[in-house]
**Q** 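This structure is in structure tokens; I'll ask about it shortly.
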Amino acid sequence: MTETHLLHDLLLRAAARAPESLALTHGDQHLSYGGLRGQVQRVAAGLLRLGVARGERVGVFLEKRVETVASCFGASLAGAVFVPVNPILRPMQVGHILQDCGVRVLVTSPQRLPALLETLSGCPELKHIVLTDAGVPPAGSGAWPPGVSRVSLAEWLEGADAGAGVGANHRVIDSDPVAILYTSGSTGKPKGVVVSHRNVLVGGKSVAQYLENTAEDVLLAALPLSFDAGFSQLTTAFHVGARVVLLNHVLPQDVVKAMAKEGVTGLTAVPPLWIQLAQLKWPEAVAERLRYFANTGGRMSLDTLTRLRQHFPHSKPYLMYGLTEAFRATYLPPEQVDARPDSIGKAIPNSEVLVLRPDGTPCDADEPGELVQRGPLVALGYWNNPERTNERFKPLPAAAGVRHAALMVPEMAVFSGDMVRRDAEGYLYFIGRNDEMIKTSGYRVSPAEVEEVLYSTGLIGECAAFGLPDEALGHAIVVVVAPPAGQASLDVEQLLKACKNLMPVYMVPRRIEVQAGGLPRNPNGKIDRTALAAQLSA
């Protein structure tokens with residue numbers, strides 16, 4: 001049996017155990033674990049022939065498809081570091097990522113390449129472009145970057161089995177980096193979170209444990225693979241030998257159709273998508289088959305949760321909290337949802353979550369403090385960004401009381417910047433981010449708390465709350481709302497009246513902006529607060 005120490009070992013072990021079992025589905029294409037293993041081995045062999053050294057970066061700029069998975073796992077097998085780039089990013093953003101981490105090999109498609117050619121000329125470390133198909137960029141689409149070779153991924157994948165050709169891959173251990181995940185920060189350009197083989201493996205195993213995944217599961221990959229929660233659909237599934245359905249959806253109805261067609265048993269999504277899905281009509285067959293639904297990337301409103309539970313009465317709801325810097329932190333067991341639906345739960349297996357004061361000492365029950373995570377899921381820092389790394393990744397303070405003073409080597413933990421509280425039974429509750437809390441009329445108000453009330457009215461589709469400078473109040477609470485699905489407008493006066501009935505005076509929004517057509521999203525599918533804040537301040 002293949003030992004599992006590195007990311008690609010997950011696939012190799014699953015293929016050795018059940019080579020004929022289906023690993024991936026993309027549209028009408030189905031690929032077994034044995035078939036995927038062969039593709040991954042061929043990609044690894046191709047990268048080694050290009051002279052890719054240990055730890056060199058392989059960028060993957062593709063939509064969700066089989067070649068995307070093969071390229072990421074093939075880079076791992078070759079001893080390289082893969083950089084999954086969100087396919088909805090604009091050329092300038094893609095160029096920043098490729099330049100920032102010095103990508104040596106870029107895997108993309110002939111359809112996506114033309115828009116990138118101009119920015120690729122500013123990527124001096126790029127040496128090879130691997131195209132998925134035989135096509136070439138159309139004439140006049142841009143000058144080919146000087147000194148960069150053109151390679152066919154299709155020829156790699158159609159070649160003879162390369163299992164014996166990857167024996168010369170580089171020596172790698174589980175604490176070495178395997179991927180760089182770029183996350184959109186609250187300010188500035190995206191920053192690259194460096195994750196190790198151990199981070200990814202432990203995360204996948206932990207999630208599979210509490211979600212009780214088995215080889216019979218079918219997981220829908222609806223989130224981008226460049227998003228930690230999106231990529232974890234692969235690691236979680238491969239850990240138990242389950243099947244992953246790769247979906248590039250345009251409309252929420254696409255998710256419904258895919259789930260009905262493929263018999264999906266598990267779906268993980270972010271709140272904006274759940275809001276849309278909760279407002280749709282669902283076939284009974286989906287509800288009967290769906291074993292669980294899970295939320296990550298932000299708090300799910302009680303209204304949305306209630307609607308989803310009505311759609312899926314036999315499905316287990318998992319409310320999760322995590323950050324890219326540590327993959328996943330907490331989850332709320334389904335049996336606790338009725339008792340504490342506003343909780344983010346407790347630490348996931350093989351991880352510890354602390355609630356600390358600024359001096360590093362543990363907070364008392366129900367005392368607000370910063371969420372600090374320790375354990376094997378803590379990432380390796382931000383790529384080539386010592387200032388931001390030092391802000392978030394710090395030695396665990398002795399005052400936290402979890403390590404013996406005789407241990408001389410410091411332990412690095414991730415300081416999330418999120419304010420939480422822990423109740424007397426150990427369950428955690430999200431309060432807000434340090435940089436998002438609204439100080440108004442002497443009160444500290446969480447945007448999430450305002451949004452929760454807005455959703456509970458049933459008058460809106462989605463919303464985002466902000467604090468804007470105000471001479472009298474310090475900050476005035478402003479919200480941007482979108483009408484419910486199928487409605488072109490909403491009654492602002494009715495919404496404001498509901499807020500006054502449900503909120504204390506200091507929390508009632510001073511301004512409500514209606515934005516038809518939905519709120520803008522960032523590359524990970526979350527509501528783009530940065531763009532909205534800039535729009536409101538203009």
Side-chain angles (χ1 to χ4, degrees), residues 5 173-177 183 193-211 228-229 232 296 318-333 336 340 342-382 386-435 437:
H5 300 297
I173 62 175
D174 68 356
S175 59
D176 286 333
T183 178
V193 178
V194 186
V195 297
S196 69
H197 288 268
R198 182 186 303 162
N199 293 152
V200 179
L201 283 181
V202 173
K205 180 179 180 179
S206 180
V207 173
Q209 179 179 336
Y210 68 75
L211 290 181
D228 61 311
S232 76
T296 188
Y318 286 87
L319 306 182
M320 306 187 295
Y321 160 90
L323 52 156
T324 306
E325 292 84 352
F327 177 73
R328 184 80 67 248
T330 69
Y331 81 101
L332 183 67
Q336 292 293 328
R340 40 178 63 85
D342 53 342
S343 171
I344 60 173
K346 296 183 177 182
I348 68 171
N350 201 15
S351 184
E352 184 173 10
V353 172
L354 310 171
V355 184
L356 302 182
R357 304 184 180 105
D359 64 1
T361 57
C363 292
D364 294 328
D366 291 319
E367 177 187 358
E370 183 175 10
L371 184 147
V372 177
Q373 186 172 350
R374 65 184 292 258
L377 277 74
V378 174
L380 303 180
Y382 300 116
E387 181 178 352
R388 292 302 302 275
T389 298
N390 292 334
E391 289 177 0
R392 284 281 176 260
F393 299 87
K394 306 174 187 178
L396 195 65
V402 296
R403 279 170 61 86
H404 197 283
L407 294 172
M408 295 295 100
V409 177
E411 176 188 350
M412 300 303 292
V414 60
F415 288 68
S416 68
D418 288 350
M419 298 298 292
V420 299
R421 65 177 179 87
R422 189 195 308 271
D423 67 19
E425 297 179 69
Y427 287 92
L428 294 158
Y429 299 80
F430 180 81
I431 298 174
R433 286 194 58 81
N434 286 334
D435 55 3
M437 296 294 286

**Q** Taking only residues two or more places apart in sequence, or in another chain, which ones meet Y210 in a ring-ring contact (aromatic ring centres under 6.0 Å, His included)?
**A** Y331
**Q** Can you sort out the partners of D418 under salt bridge (charged side-chain N to carboxylate O under 4.0 Å, His left out), two or more places apart, ordered by chain and number?
**A** R433
**Q** Tell me which pairs pass ring-ring contact (aromatic ring centres under 6.0 Å, His included) where either residue lies in residues 408-433, with sequence neighbours left out.
**A** none
**Q** State, to 0.1 Å, how close A229 and S232 come at their nearest heavy-atom pair, and which atoms those are.
**A**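 So the two residues come closest at O-OG, 2.9 Å.
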**Q** What I'd like to find out is whether the side chain of K346 reaches to under 4.5 Å of the side chain of T330, using heavy atoms alone.
**A** no
**Q** Taking side chain to side chain contact (heavy atoms under 4.5 Å, CB included) as the definition, give me every residue that meets it alongside L201, ordered by chain and number, with sequence neighbours left out.
**A**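 For L201, the residues satisfying side chain to side chain contact (heavy atoms under 4.5 Å, CB included) (neighbours in sequence not counted) are T4, L10.
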**Q** Tell me every residue that passes side-chain hydrogen bond (donor to acceptor under 3.5 Å, both in side chains) with S351, counting only those two or more places apart in sequence or in another chain.
**A**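 So S351 forms a side-chain hydrogen bond (donor to acceptor under 3.5 Å, both in side chains) with Q373.
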**Q** For residues V378 and A413, report the shortest heavy-atom separation together with the two atoms involved.
**A** CG1-C, 4.2 Å
**Q** List the residues meeting side chain to side chain contact (heavy atoms under 4.5 Å, CB included) with V193, not counting sequence neighbours, and say none if there are none.
**A** T183, V195, T324, E325, A379, Y382
**Q** Do D228 and R328 pass the side-chain contact (heavy atoms from CB on, under 4.5 Å) test, and can you show the C-alpha distance, the side-chain angles, and the key distance before you say yes or no?
**A** CA-CA 9 Å; D228 61 311; R328 184 80 67 248; 4.3 Å; yes
**Q** Under the rule for ring-ring contact (aromatic ring centres under 6.0 Å, His included), what residues qualify as partners of Y321, not counting sequence neighbours?
**A** none
**Q** Shortest non-hydrogen contact from S416 to L323?
**A**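 Heavy atoms only, the tightest pair is CB-CD1, 4.0 Å.
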**Q** Pairs in or reaching into residues 403-417: which pass salt bridge (Lys or Arg N to Asp or Glu O under 4.0 Å), with residues at least two apart or in two chains?
**A**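 Listed by first then second residue: R374-E411, R403-E411.
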**Q** Could I get the full list of side chain to side chain contact (heavy atoms under 4.5 Å, CB included) partners for A347, not counting sequence neighbours?
**A**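 Once residues adjacent in sequence are excluded, the partners of A347 under the side chain to side chain contact (heavy atoms under 4.5 Å, CB included) criterion are V353.
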**Q** Find the distance between CG (D342) and CZ (R340) and round it off to the nearest 0.5 Å.
**A** 9.0 Å
**Q** To the nearest 0.5 angstrom, please state how far the CG atom of N350 sits from the CG atom of L377.
**A** 7.5 Å
**Q** If the test is side chain to side chain contact (heavy atoms under 4.5 Å, CB included), which one of V200, V207, V202 qualifies with F327?
**A** V207
**Q** For S196, give me all partners under side-chain hydrogen bond (donor to acceptor under 3.5 Å, both in side chains), at least two apart in sequence or on another chain.
**A** N199
**Q** Taking the side chain as every heavy atom from C-beta outward, state whether Q209 and I348 have any atom pair closer than 4.5 Å.
**A**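 No, too far: nothing below the 4.5 Å cut-off.
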**Q** Looking only at heavy atoms, what is the nearest atom pair of L356 and A400, with distance?
**A**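 Closest approach of L356 to A400: CD2-CB, 4.1 Å.
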**Q** Is it true that a side-chain atom of S206 and a backbone atom of P349 form a donor plus acceptor pair closer than 3.5 Å?
**A**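 The answer is yes, because a donor-acceptor pair under 3.5 Å joins these two groups.
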**Q** Answer yes or no: is there a side-chain heavy-atom contact under 4.5 Å between S175 and H197?
**A** no
**Q** Sorted by first residue and then second, give each salt bridge (Lys or Arg N to Asp or Glu O under 4.0 Å) pair with at least one member in residues 196-210; sequence neighbours left out.
**A** D174-R198
**Q** I'd like a table of donor-acceptor pairs (distance under 3.5 Å, sequence neighbours excluded) in which one partner is a side-chain atom from residues 360-372, with atom names and distances.
**A**
unit_1	atom_1	unit_2	atom_2	d
T361	OG1	R357	NH1	3.0
T361	OG1	D359	OD1	2.6
T361	OG1	D359	OD2	3.4
D364	OD2	R357	NH2	3.4
D366	OD1	R421	NH1	2.6
E367	OE1	R357	NE	3.4
E367	OE1	R357	NH2	2.9
E367	OE1	D364	N	2.8
E367	OE2	R357	NE	2.8
E370	OE2	G417	N	2.8

**Q** Closest approach of L396 and L354, non-hydrogen atoms and distance?
**A**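 So the minimum-distance heavy-atom pair works out to CD1-CD1, 3.8 Å.
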